[in-house]
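Heads up: numbering here begins at 1 and tracks the sequence. Keep in mind that this is a model prediction, so the values were computed, not measured.
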Amino acid sequence: MRNHATIELIGYVYGNPEHPMADKYPNWIKFSLSVTKKWKDKIGEEKKEITWFKCNSWSEGFTKMIKNNVTGGMGLLVKGTPKVNAWIDAEGGAKGQIEVHISDINMLTYPSPKEDDIDANGKHKLSSKASIVAVSDGELEDDEEIPF
């Protein structure tokens, strides 16, 4: 039997994706994704819990696609393999972080447009980003096959 773990997240990108050490690791990109759970307690008071995930990819195709199309505030559906990191901070408190190695990504929403993104008729300008819907790691084997 083969073991496998997959996680699926729907959330918002915090900040812009980072491409750290691009000279040493050109295919590595990472970003933070916030997932918010909202509910009402027994007395009707609204509650909110935010969980943060570190998403990353080592795929050349994903790196190019994310670098060129993903921005802070964008809503994404991310699927991937989870990994948990735990440590003790300087004050002696336990800390943890869930990382997700991306295998699929769907772009769901774009951040609110800026004034320069609106044309003379008051409509949103469309960019090449508007045509991207979903991409999976299997679809990005070769640069010639990138769907955009």
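Taking CG from Asn56 and CZ from Phe62, the interatomic distance works out to 11.5 Å, rounded to the nearest 0.5 Å. From His101, atom NE2 reaches atom OG of Ser59 across 7.5 Å, with rounding to the nearest 0.5 Å. Taking CD1 from Ile7 and OG from Ser103, the interatomic distance works out to 11.0 Å, rounded to the nearest 0.5 Å.
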Could you tabulate the donor-acceptor pairs under 3.5 Å formed by side-chain atoms of residues 73-94, not counting sequence neighbours?
residue: Asn85; atom: ND2; partner: Glu99; partner atom: OE2; Å: 2.5
residue: Asp89; atom: OD1; partner: Glu91; partner atom: N; Å: 3.1
residue: Asp89; atom: OD1; partner: Gly92; partner atom: N; Å: 3.0
residue: Asp89; atom: OD1; partner: Gly93; partner atom: N; Å: 2.6

Would you give me the side-chain donor-acceptor pairs under 3.5 Å for residues 23-32, sequence neighbours excluded?
residue: Ser32; atom: OG; partner: Lys54; partner atom: NZ; Å: 3.1

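Within the 3.5 Å criterion, the main-chain N or O of Ile43 finds a donor-acceptor partner in the side chain of Asp41.
Only one option out of Leu108, Leu33, Asn106 pairs with Ile10 in a side chain to side chain contact (heavy atoms under 4.5 Å, CB included); it is Leu108.
For Lys48, the side chain to side chain contact (heavy atoms under 4.5 Å, CB included) criterion is met by Thr36, Lys38, Ile50, not counting sequence neighbours. Checked against salt bridge (charged side-chain N to carboxylate O under 4.0 Å, His left out), Glu45 has the following partners two or more places apart in sequence or in another chain: Lys47.
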Candidate pair Ile66 and Ile102, rule side chain to side chain contact (heavy atoms under 4.5 Å, CB included), full reasoning: CA-CA 11 Å; Ile66 291 168; Ile102 301 168; 4.0 Å; yes
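When hydrophobic residues (I, L, V, M, F, W, Y) are linked wherever their side-chain heavy atoms come within less than 4.5 Å, Trp39 remains an isolated member.
Follow the hydrophobic side-chain contacts under 4.5 Å out from Val100 and you never reach Trp58; the two are in separate clusters.
Within the structure, side-chain hydrogen bond (donor to acceptor under 3.5 Å, both in side chains) pairs that include any residue of residues 2-22 comprise His4-Thr6 (at least two apart or interchain).
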